[in-house]
Novice: 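Got a structure for you, written out below as structure tokens; questions coming shortly.
Keep in mind the model is a prediction, meaning the values are calculated, not measured. Counting starts at 1 for both ligands and their atoms, following the listed order. Starting from 1, each residue takes its place in the sequence as its number.
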Amino acid sequence: MLPSRRAVAAASIASIASIATKKFDETLKKDFLVSMDDVIKNPFGALANDVETRLGQSYGFRPARFFVARPLSIVKRRRERRADARTTTATTASTRARIARTLARARSATLATRDARGVVASAPPDEGRARRMSTARFYDDVRDATTRAMRYSVDGTWRTSASGSTCEALNPSKANAPANRFQACTTSEVDEVFAKAREAQRTWQRTPLHARAALLHRAATLMRENAGEMAEALVLEVAKGAKDARVEVERSADLIDYTAEEGVRLLGEGKLLMSDSFPGNDRTKLCMASKVPVGIILCIPPFNYPVNLCVSKIAPALIAGNTVVVKPPTQGCTATLHMIQCFLKAGFPAGTVQAVTGRGGEIGDYLTTHPEVNAISFTGGETGIRVAQKAGMVALQTELGGKDACIVLPDADLDLAAKSIVKGGFSYSGQRCTAVKLVAVFEEVADELLSKVNAQIAKMTVGQPEDDATITAVVSKSSADFIQSLVVDAESKGARLCQEWRREDNLIWPLLIDNVTHDMKICWEEPFGPVLPVVRVKSDAEALELVNKSRFGLQGCVFTKDIDRAIQMADAMETGTVQINGPPARGPDHFPFQGVKDSGIGSQGITNSINVMTKVKSTVINLSKPSYTVA
Ligand code: NAP
Ligand code: G3H
């Protein structure tokens, strides 16, 4: 008996582990927990350890931890159980109950920690558990049951467009095979969405601030609980590595929680001004200045962070009493719609959070010039410049492209600089606005720096996002073609490719390009891919000229041990942010984040976004007699 049961158990664990490491699905996790009963029947702690390790590596989920921590006691108990085969059923039931108890304790401990920090207080542990069990099909109604196309969100429901047309997101990692379809919304559907947003905004702005914050916390909790499919959609449609996809969802939930906390403080206070501080006045006028919502905010995120760069817009908008209309990017649309579902399921009133879908090239102008829009928060590329040119009298927050330079001075810690260049230049295959897109290194340390960078590039994995390869396919064929054209141009003008040029469909192998000069396009253009140009410089002034001649001005970084020189360089760099001894990055998400020149208008970061999405209203009390309060 034993050998065959052992074989069956081993095979089933191996198969569960292999499937589970590839899938994020919550249902699968649940199934996995049930299957752990079978694991407990087998005495091979090592095998279970392997399962745990692989699950932990894949997405930090460690259902078997309590079990693996005590394999010997379980083995002992298993031997006792074997003595009486007839008790097996009852034992399995008690094991199930023990698993449930242990998990419930772990969950309640997590929630209690959050409560103590005041971060999340919405779901009591039992309710949270019940909801988790019942949300296996959490995202079901986002998809049309018949056509399987994703639907758009209007007035608290999901609807299929009357247009009868859809548009398509492709899978960048699978030679651009079809991935998902979305509704191509009509202009009258857009009108309806804006009408509902206006109606809802009148009530929403009068909803108590603490209640708005509680709903945001609830949405964040739901995002964490239903992160699996959302992250999977990022892997499928934008080729984001599985771990990074999960991090994007978790980071977004944290951003929502932080925004709710910041909002209750920032918006819970106003200003009282007294007239007698200005010459010619006594104190007969008292001015109450408070922050009020702008109205309806149109939120347009880019493909590379379709969840995070959407919540960074909608959470500040909502806490401030605005309603939002989201236009998801075509690539990445599914994850954005999943995120919207978390807000709907959290209980946001109908009309407060809606999403219209369709290609930007088709419905974009109609949306951005719609008379009901009061503010536009846009993140993307060149399109943003056109949006700004067309938008009328509305508040604008645009975060656009970048050409972030990394200046390496002769006294820099070259190991640190090399590590930062690799992380900054190649994470998410260079598809970050804040990616290092140009290295300006002093001639005397250039060879040493480049050999360190090249050594790290040699270790990078290139392949599938499901496997967490460092370099994955870029978002589209046209993007890959553009990157290739920049490399061809540079090579034809004398640049030296440090690695062999290699491309398969959208997948481009990481490439460092040395001896880049000002006449090459790659010196100025944003490749948005895993190719990184290097310009050798002789002076601070030459490095600064490179940075400041760019039409972009998002971030830049400087590596040196001389803090005075670093500050001098930072002062002179015409960029929204300068990082000293670290790679460019937007986060932590509460830091102010802004670009100058073609990199954007306004500032992001949680506090700044709340400010952009409010305006000041003054109410002045005119008194017949001066009022001087004394204490
Ligand atoms: P994109 O092509 O400019 O698209 C951004 C968004 O605009 C998408 O949702 C797109 O929808 C939509 N759109 C397209 N045409 C439109 C129109 N006429 N009116 C209104 N919206 C329209 O940018 P991307 O390719 O997604 O992202 C890459 C670029 O974004 C890079 O340049 C990168 O540097 C920049 N970026 C900047 C930041 C930052 O914070 N500074 C952050 C991330 C990315 P469709 O997908 O349907 O076309
Ligand atoms: O792609 C643009 C994002 O704003 C960059 O964010 O620096 O966190 O990757 P990140």
Novice: Counting only heavy atoms, which portion of Tyr305 has something under 4.0 Å from ligand 1: side chain, backbone, both, or neither?
Specialist: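 Looking at Tyr305 and ligand 1, no heavy atom falls under 4.0 Å.
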Novice: Asp404 pairs by side chain to side chain contact (heavy atoms under 4.5 Å, CB included) with which of Leu554, Leu438, Val578, Thr575?
Specialist: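 Answer to the side chain to side chain contact (heavy atoms under 4.5 Å, CB included) test with Asp404 among Leu554, Leu438, Val578, Thr575: Leu554.
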Novice: Please state which part of Leu309 comes within less than 4.0 Å of ligand 1, counting heavy atoms only: side chain, backbone, both or neither.
Specialist: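 Side chain only.
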Novice: Does Arg198 pair with Glu192 as a salt bridge, N-O distance under 4.0 Å?
Specialist: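 A salt bridge is absent here (no side-chain N lies under 4.0 Å from a carboxylate O).
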Novice: Go through ligand 1 atom by atom and flag the ones less than 4.0 Å from a non-hydrogen atom of Arg359.
Specialist: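 Going through ligand 1 atom by atom, the ones under 4.0 Å from Arg359 are 47 (O).
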Novice: Using heavy atoms and a threshold below 4.0 Å, how should the contact between Leu367 and ligand 1 be classified: side chain, backbone, both, or neither?
Specialist: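 It is neither part, as no heavy atom is under 4.0 Å.
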Novice: Looking at Phe528, does the NZ or CZ of Lys437 lie under 6.0 angstrom from its six-membered ring centre and within 45 degrees of the ring axis?
Specialist: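 Here Lys437 fails the 6.0 Å and 45° test against Phe528.
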Novice: For atom 32 (O) of ligand 1, grab the closest protein heavy atom and report residue, atom and distance to one decimal in Å.
Specialist: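 For atom 32 (O) of ligand 1, the nearest protein heavy atom comes out as Glu526 OE1, 2.9 Å.
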Novice: Could you tell me whether Lys477 and Asp505 make a salt bridge, using a distance below 4.0 angstrom between a side-chain N and a carboxylate O?
Specialist: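 Judged by the 4.0 Å cut-off on N to carboxylate O distance, Lys477 and Asp505 do not form a salt bridge.
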Novice: On a heavy-atom basis, I'd like to know which of Thr383, Ile300, Asp598, Thr379 is closest to atom 5 (C) of ligand 1.
Specialist: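 The option holding the nearest heavy atom is Thr379.
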Novice: Quick check on contacts: which atoms of ligand 2 are under 4.0 angstrom from a heavy atom of Asn304?
Specialist: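 Every atom of ligand 2 under 4.0 Å from some heavy atom of Asn304: 1 (O), 2 (C).
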Novice: Examine the proximity of ligand 1 to Thr330 and report which part, side chain or backbone, both or neither, has a heavy atom under 4.0 Å away.
Specialist: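 For Thr330, backbone and side-chain atoms both sit under 4.0 Å from ligand 1.
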Novice: Between the side chains of Lys403 and Glu526, is the shortest nitrogen-to-carboxylate-oxygen separation below 4.0 Å, so that they form an ion pair?
Specialist: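 So Glu526 does not pair with Lys403 through a salt bridge.
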Novice: Between Lys240 and Glu248, does at least one N-O distance fall below 4.0 Å, as a salt bridge requires?
Specialist: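 Between Glu248 and Lys240 there is a salt bridge, with a charged N closer than 4.0 Å to a carboxylate O.
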Novice: With respect to Arg251, determine whether any N or O atom, backbone or side chain, lies less than 3.5 Å from an N or O atom of ligand 2.
Specialist: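 It does: an N or O of Arg251 is found under 3.5 Å from an N or O of ligand 2.
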Novice: Given that the side chain starts at C-beta and the backbone is N, CA, C, O, which of these parts of Phe593 lies under 4.0 Å from ligand 2, counting heavy atoms, or is it both or neither?
Specialist: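 Answer for Phe593: side chain.
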Novice: Should the proximity of Glu399 to ligand 1, defined as any heavy atom under 4.0 Å, be assigned to the side chain, the backbone, both, or neither?
Specialist: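 The answer is both.
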Novice: Could you tell me the residue and atom name of the protein heavy atom closest to atom 9 (O) of ligand 2, and the distance to it rounded to 0.1 Å?
Specialist: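 Here the nearest protein heavy atom works out to Tyr305 OH, 2.4 Å.
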Novice: Considering non-hydrogen atoms of the protein only, which is the closest contact for atom 7 (O) of ligand 2, and what is the distance?
Specialist: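 Heavy-atom neighbour on the protein nearest atom 7 (O) of ligand 2: Thr434 OG1, 2.7 Å.
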Novice: What about Cys433: any of its N or O atoms under 3.5 Å from an N or O on ligand 2?
Specialist: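 Checking ligand 2 against Cys433, an N or O pair does fall under 3.5 Å apart.
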Novice: Just need the protein heavy atom nearest to atom 4 (O) of ligand 2, so name the residue and atom and give the distance.
Specialist: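 For this ligand atom, the closest protein heavy atom is Arg586 NE, 2.7 Å.
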Novice: Who's closest to atom 20 (C) of ligand 1 heavy-atom-wise, of Gly364, Gly402, Gly381?
Specialist: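 Answer by nearest heavy atom: Gly364.
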Novice: Can you tell whether the side chains of Asp155 and Lys196 come within less than 4.0 Å, N to carboxylate O?
Specialist: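 Yes, Asp155 and Lys196 are salt-bridged.
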Novice: For the residue pair Arg586 and Leu309, what are the closest heavy atoms and their distance?
Specialist: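 Closest heavy-atom pair between Arg586 and Leu309: NH1-CD2, 3.4 Å.
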Novice: Should one rank Ala391, Gly360, Ser312 by closest heavy-atom distance to atom 17 (C) of ligand 1, which comes out on top?
Specialist: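 Comparing heavy atoms across Ala391, Gly360, Ser312, the nearest one to atom 17 (C) of ligand 1 lies in Gly360.
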